[in-house]
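Both counts, for ligands and for their atoms, begin at 1 and track the order of listing.
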Amino acid sequence: MSPRTLPPRRPQSERRHWIFIYRCGCPFGLVEESTSYKSEDDAWDAIYDTRAEERQARAVGVRVEFVDHATYERDFYPHMTERCTHGGMS
Ligand SMILES: [Zn+2]
């Protein structure tokens with residue numbers, strides 16, 4: 001058996017993320033593109049446990065943006081831990 005190795009670390013410039021955003025614009029979740037998460041559908045599956053939860057989220061206006069890491073850091077990172085006060089979850 002070969003020793004367990006971590007996947008090679010990607011350069012920041014090649015990292016891409018799906019950002020989950022409430023309808024008010026508050027970001028609340030992130031899925032990084034990887035061998036496990038290759039499409040937006042995979043990203044939805046990573047965030048929500050069931051199709052029903054996913055449908056509910058879409059129904060209340062949750063949307064996704066696919067961005068590079070620099071865009072994430074600039075536009076979303078500062079807001080990721082802010083609590084949404086606009087009722088974005090309902
Ligand atoms: Zn909000």
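- Considering all non-hydrogen atoms of both residues, Gly25 and Arg63 come closest at CA-NH2, 4.3 Å.
- When the side chains of ILVMFWY residues are joined at heavy-atom separations under 4.5 Å, either directly or via intervening members, Tyr72 and Ile21 end up in a single hydrophobic cluster.
- Legend: protein N/O/S atoms lying under 2.8 Å from the Zn ion (ligand 1), waters omitted, number 4.
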Distance-only check: which donor-acceptor pairs under 3.5 Å involve side-chain atoms of residues 28-37, not counting sequence neighbours?
| residue | atom | partner | partner atom | Å |
| --- | --- | --- | --- | --- |
| Glu32 | OE1 | Arg15 | NH2 | 2.9 |
| Glu32 | OE2 | Arg15 | NE | 2.8 |
| Ser34 | OG | Ser36 | N | 3.1 |
| Ser34 | OG | Tyr37 | N | 3.2 |

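- With Trp44 as the aromatic partner, Arg51 does not meet the cation-pi criteria of under 6.0 angstrom to the ring centre and within 45 degrees of the ring axis.
- Criterion: ILVMFWY side-chain heavy atoms under 4.5 Å apart, direct or through other members. Under it, Ile19 and Val64 are not part of a common hydrophobic cluster.
- Residue Phe66 places its CZ atom among more than 12 non-hydrogen atoms of other residues, nucleotides or ligands, all under 6.0 Å distant.
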